[in-house]
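Worksheet: one structure, shown below.
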Amino acid sequence: SDLGSTFSYIQVKTAQALLLLHKVTKIQRFLTASERLGQIKFLNKECRYTHPLAYYLEGMMALGKNRIVRQILDDNIIPTLRSNGFIPYFPGAKYAYVSGSVQLGILLWKVGHKPEARKILEWALRVQENDDSGGLFQYAKESGNPDGTIHREINSWGTKYFAELIRIAN
């Protein structure tokens, strides 16, 4: 049935947790809920922001929908990827949401676009060089310098995804 008008496509990411809950508990409703999430229709307008798009794609990948994930990456992300690994947060933005870019790098790697993922990793390494903590700033310019348009802080999720991309790429 209808998932409701307030349901956001980024909630498809929760399929990862629901599948794990089903695996551990064998409770059918977790599997059923994850399958329903996989029925969310993707609209191209939802490609506008990299970070929410990455959440959607992570959920779809957890559901085994790798062909759909690859198609969306091919059609919507690879064309926006700059030669230095920068992906604007939305079309025309002068900054990236670093966590979203790195999440997309992981997804690109997993579907076989390893050169593109490496470009993102190289860009993220330039961002990481801006703080001794090893963490990633939430927003960064194409140069890799932090961008304070929205705010200027270290992002724990970005750092987590950054570490994961380094791990899978090495």
Side-chain angles (χ1 to χ4, degrees), residues 2-19 33-127 136-144 147 149-150 155 157-170:
D2 184 18
L3 292 170
S5 61
T6 60
F7 190 85
S8 169
Y9 70 100
I10 67 173
Q11 290 170 297
V12 173
K13 179 164 176 59
T14 61
Q16 290 175 304
L18 291 166
L19 289 168
S34 70
E35 290 169 347
R36 288 186 64 214
L37 287 168
Q39 295 170 7
I40 301 296
K41 297 289 185 232
F42 179 80
L43 304 172
N44 279 338
K45 67 178 181 161
E46 294 165 345
C47 290
R48 183 165 173 78
Y49 301 100
T50 57
H51 184 55
L53 173 62
Y55 277 149
Y56 172 82
L57 296 175
E58 287 170 342
M60 294 300 278
M61 186 169 275
L63 291 163
K65 297 179 183 267
N66 293 11
R67 188 176 55 85
I68 293 170
V69 171
R70 184 182 176 106
Q71 189 66 54
I72 292 169
L73 291 168
D74 287 349
D75 293 347
N76 299 286
I77 297 305
I78 290 181
T80 67
L81 177 63
R82 309 255 172 93
S83 62
N84 67 351
F86 175 81
I87 304 172
Y89 183 42
F90 56 85
K94 303 286 188 224
Y95 59 90
Y97 187 86
V98 181
S99 180
S101 296
V102 175
Q103 285 173 272
L104 292 169
I106 293 165
L107 290 158
L108 286 163
W109 185 275
K110 289 180 176 179
V111 300
H113 287 302
K114 293 178 181 180
E116 292 83 357
R118 283 202 180 279
K119 287 180 186 179
I120 294 169
L121 175 58
E122 292 301 317
W123 175 79
L125 285 166
R126 284 193 303 282
V127 174
L136 285 182
F137 285 92
Q138 191 138 351
Y139 298 94
K141 299 174 184 176
E142 186 168 356
S143 65
D147 181 278
T149 301
I150 298 172
N155 179 276
W157 279 107
T159 304
K160 174 250 187 243
Y161 283 115
F162 175 66
E164 184 177 345
L165 183 55
I166 288 174
R167 182 186 60 79
I168 65 173
N170 289 311

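FYI, the numbering just counts along the sequence from 1.
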Check your understanding: Does the side chain of M61 reach to within under 4.5 Å of the side chain of V111, using non-hydrogen atoms?
Key -> yes

Point to revise | Which atom of G100 lies closest to which atom of A54, heavy atoms considered | key: O-CB, 4.3 Å

Practice item. Applying side-chain contact (heavy atoms from CB on, under 4.5 Å) between L57 and each of N76, L108, I72, report the one that passes. Key: I72

Review point. Does a salt bridge link E122 with R126, judged by any charged N lying under 4.0 Å from a carboxylate O?
Key: no

Review point. Who are the salt bridge (charged side-chain N to carboxylate O under 4.0 Å, His left out) partners of R82, not counting sequence neighbours?
Key: E142

Check your understanding: For A169 and L121, which heavy atoms make the closest approach, and how far apart are they?
Key -> CB-CD2, 3.8 Å

Review point. Where do F86 and K141 come nearest, in terms of heavy atoms and distance?
Key: CE1-C, 3.7 Å

**Study point:** Under the salt bridge (charged side-chain N to carboxylate O under 4.0 Å, His left out) test, residues paired with K94 that sit two or more places apart
**Key:** none

Point to revise | Side-chain donor-acceptor contact under 3.5 Å, E58 with Y161 | key: yes

**Study point:** Working for side-chain contact (heavy atoms from CB on, under 4.5 Å), residues E164 and R167
**Key:** CA-CA 5 Å; E164 184 177 345; R167 182 186 60 79; 3.9 Å; yes

Point to revise | Heavy-atom check, side chain of Y97 versus side chain of I87, under 4.5 Å | key: no

Exercise for review: Check step by step if ring-ring contact (aromatic ring centres under 6.0 Å, His included) holds for Y49 and Y89.
Suggested key: CA-CA 5 Å; Y49 301 100; Y89 183 42; 5.2 Å; yes

Check your understanding: Has the side chain of R48 got a donor or acceptor atom that lies under 3.5 Å from a matching backbone atom of F90?
Key -> no

**Study point:** Closest approach of I10 to Y55 (non-hydrogen atoms, all atoms of both residues)
**Key:** O-CB, 3.9 Å

Check your understanding: Which atom pair, heavy atoms only, marks the closest approach of P79 to D74?
Key -> CD-O, 3.3 Å

